[in-house]
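A note on names: the letters A, B, ... follow the listed sequences, proteins ahead of strands, and every chain is numbered from 1.
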Amino acid sequence: MGLSWMQYDFMRYAFAAVLVITPLFGLMGTMVVSRKMAFFSDALGHSALTGIAVGVVCGVRDTDVSMVIFAIVFALLLNRISSRIAASADTVISVFSSCSIAVGLAILSKDGNFSRYSGILVGDVLSITRREILYLVLIFVITLAFWLFGFNKMLAASLNRALAKSRNIPVAFLENAFAVLTALVVMVSIKWVGILIINALLILPAAASQNISENMREYHFFSILFSMFSGVTGLVLSYYVNVAAGPAIVILASAIYFATYLWGSR
Amino acid sequence: MRRKKYLFVFCMLAAIAASCGMFAKLYAGFRGSGGGLRVVTSFYPVYIAALNVAGEDGTVSLENLSEPQTGCLHDYQLTPGDMELLSQADLFLVNGGGIESFLADVGEAYPALNVVRVSEGLELLDSEGAQADEGAAEELEGKNAHCWMDTELYAQMVWNIADALSEADESHAQGYRENARRYCGKIGGLTSQIEEIRKEVLRKGSRTSVILLHEAFAYTAAQCGFGTAYCINLDEERQLGAGEVAEAIKAAESDGVSAVFAERQYGEAMAGTLEAEAGCSVYYLDSLVRGEYRADSYLSGMQENIDSIKAAWEEMR
């Protein structure tokens with residue numbers, strides 16, 4: 001068995017993508033979990049369908065572009081509305097998410113042809129190209145810079161928004177920037193991970209890490225470790241067992257979550 | 001305490017990695033591990049045809065890319081295992097006509113792989129309106145690729161496979177051609193039954209149209225001489241809109257259609273609606289894209305189809 005999977009270009013690309021994207025998922029997941037944004041990122045993943053549909057309607061040649069643009073607009077809009085409407089954030093997200101999915105499904109299922117797009121639900125490891133890896137590296141660098149300069153401020157805002165504002169922290173800007181970064185990471189990975197489970201990749205490593213961490217440093221370290229471990233092991237497992245890579249990765253991340261939960265609840 | 005925690009994390013990850021390794025080892029193993037010419041087919045009907053031409057004496061190591069219950073491959077996604085299988089193949093037999101939408105990916109990954117379209121040179125019917133899949137050649141856009149449902153075209157596909165195998169393995173060319181001749185003889189038995197039906201249908205002339213609830217049946221209906229009043233391609237990938245249901249009922253009533261050919265798995269609900277709303281009788285046919293890996297499965301499946309068509313014709317005339 002060994003490294004026989006490395007002889008294929010598509011597996012090498014997938015491996016490179018996993019090495020770049022899983023630390024990002026681990027890193028961003030910590031903030032998503034701390035800020036209780038799991039539902040937000042889930043809705044963001046589902047908006048990919050609508051982004052593709054908008055691209056199809058507008059005759060865009062590369063629907064990936066419309067998907068990313070739509071996700072960014074969707075994330076910013078969600079942020080804005082959630083902070084202005086009196087209803088709770090999960091209600092607003094649910095309304096937006098359902099509406100967006102319905103529009104996407106209605107357009108894509110016209111003439112009974114939704115099956116053409118059903119592949120994006122479970123993801124396709126062959127869809128990773130060199131271009132996508134370059135995008136991932138770019139997003140990786142931007143996210144890292146954002147984390148280095150903005151993490152403490154983001155953390156302060158997540159603990160107490162009013163207090164953070166009083167200390168001249170640009171809370172709205174940071175929240176929007178984080179939402180846009182989450183949208184980018186989710187959209188660039190969605191084609192090979194799949195809409196149905198992309199959120200799990202963002203949430204599970206951080207949630208597992210939260211079960212056993214005692215401070216912020218550990219929280220980040222374990223989240224990135226669990227994310228990278230489940231990513232690499234899941235990808236290799238998917239090759240030998242012949243299943244889609246996304247679900248294999250999520251199953252391993254779930255196993256880690258349950259094990260840490262048992263350890264943490266002793 | 002902290003040391004214990006790190007030890008726990010290390011042991012947990014090591015245990016998961018070891019379990020994955022054991023699981024992968026149990027599961028792994030090249031599907032086409034036999035000797036001889038390594039041939040991979042794209043899906044069930046092509047596999048059955050190739051199985052009959054290759055014979056079962058081990059001259060050819062024959063593997064099917066998709067599972068026997070996958071059905072049509074319009075939106076099939078290649079898995080890592082498929083790519084590995086193809087990387088070791090000498091010959092890849094595909095139906096063609098746009099059914100295998102992943103061929104562009106295969107061509108890109110393995111430019112040297114010998115891919116043969118077994119429907120090459122066959123006269124394909126027009127599709128019910130859907131466009132051909134991505135990756136299909138321009139001239140195939142809007143064509144119906146389910147040509148194995150016409151026994152005469154199927155026999156030509158069998159000969160195309162025999163030619164492809166003979167070219168790839170000249171030392172056994174005679175055996176392949178002999179197998180193809182024998183198999184085509186059996187297919188000829190089915191063709192002559194269809195010819196009998198066709199003669200009677202053409203003699204009657206009027207009110208011989210049927211409604212088809214699967215595009216594949218357009219070939220069988222055309223070979224039998226039936227006209228098509230309405231055709232909806234109801235398969236695993238198609239969702240039906242309310243407007244289409246109304247159109248089909250209208251077509252059944254205006255053309256005086258008395259028979260509907262449907263596939264049980266996907267067309268039962270729609271067929272029931274036509275039966276109740278327009279008074280049509282429903283006859284279930286098999287599109288022959290699923291089944292067991294048995295050399296005679298096409299012959300027995302098509303014979304059952306012919307029996308159903310004979311029953312339909314008895315009522316129509």
Side-chain angles (χ1 to χ4, degrees), chain A residues 1 4-5 7-11 14 105 108-120 122-127 129 208-209 212-214 218 221-222 225-226 228-230 232-245 248 251-253 255-256 258-260 262-264 266, chain B residues 1-2 4-31 67 72 74-87 101-102 105-106 108-110 129-131 133-134 232-241 243-244:
Chain A
M1 256 159 52
S4 63
W5 54 275
Q7 62 184 300
Y8 303 109
D9 276 348
F10 71 95
M11 282 302 287
L105 285 178
L108 296 179
S109 65
K110 195 172 176 298
D111 299 326
N113 285 323
F114 179 71
S115 57
R116 281 167 189 267
Y117 308 98
S118 58
I120 198 172
V122 284
D124 179 7
V125 76
L126 300 177
S127 66
T129 58
S209 172
I212 57 170
S213 300
E214 288 160 43
E218 268 192 2
F221 170 71
F222 283 132
L225 175 71
F226 294 157
M228 289 189 78
F229 175 83
S230 45
V232 172
T233 317
L235 178 71
V236 178
L237 183 69
S238 82
Y239 171 82
Y240 288 111
V241 182
N242 204 18
V243 296
I251 288 169
L252 295 186
I256 293 173
F258 291 122
T260 53
L262 289 176
W263 171 269
R266 285 177 315 141
Chain B
M1 183 63 193
R2 179 177 276 198
K4 260 189 184 174
K5 183 165 66 187
Y6 281 83
L7 189 66
F8 157 73
V9 170
F10 175 77
C11 292
M12 173 186 70
L13 298 185
I16 291 175
S19 314
C20 289
M22 277 160 56
F23 189 57
K25 196 154 185 133
L26 282 174
Y27 191 90
F30 174 56
R31 286 187 263 167
E67 295 293 323
C72 274
H74 298 285
D75 293 288
Y76 184 76
Q77 283 183 327
L78 290 169
T79 64
D82 294 337
M83 296 301 269
E84 188 190 17
L85 185 65
L86 288 174
S87 74
S101 54
F102 52 78
D105 286 336
V106 173
E108 214 171 280
Y110 305 115
Q131 285 188 326
D133 294 297
E134 215 176 301
I232 314 176
N233 190 26
L234 289 182
D235 58 13
E236 59 274 52
E237 298 156 342
R238 183 72 149 83
Q239 299 84 40
L240 206 53
E244 286 176 303

Could you have a look at V243(A), T233(A), T260(A) and say which one has the most heavy-atom pairs with chain B under 4.5 angstrom?
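Maximum pair count with chain B is reached by T260(A).
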Contact origin within F229(A) toward chain B - heavy atom pairs under 4.5 Å:
side chain
Report the distance from atom CE of M12(B) to atom CD1 of I212(A), rounding to the nearest 0.5 Å.
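Spacing of CE (M12(B)) from CD1 (I212(A)) equals 6.0 Å.
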If you round to the nearest 0.5 Å, how far is CD1 of I16(B) from CD1 of I256(A)?
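It comes to 4.5 Å.
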Can you confirm whether F222(A) sits close enough to K5(B) that some side-chain heavy atom of one is under 4.5 Å from a side-chain heavy atom of the other?
yes
How about E218(A) and Y6(B): do any of their side-chain heavy atoms sit closer than 4.5 Å?
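They are in contact (side-chain heavy atoms under 4.5 Å apart), so the answer is yes.
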Heavy-atom closest pair, residues L237(A) and C20(B)
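Reported closest heavy-atom pair: CD1-O, 3.6 Å.
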Not counting sequence neighbours, which residues clear ring pair (Phe, Tyr, Trp, His ring centres under 6.0 Å) with F258(A)? List them please.
none
Residues passing the ring pair (Phe, Tyr, Trp, His ring centres under 6.0 Å) test with F8(B), sequence neighbours excluded, are W263(A)
Which atoms of S87(B) come close to chain A, meaning under 4.5 Å heavy atom to heavy atom: side chain ones, backbone ones, both, or neither?
side chain
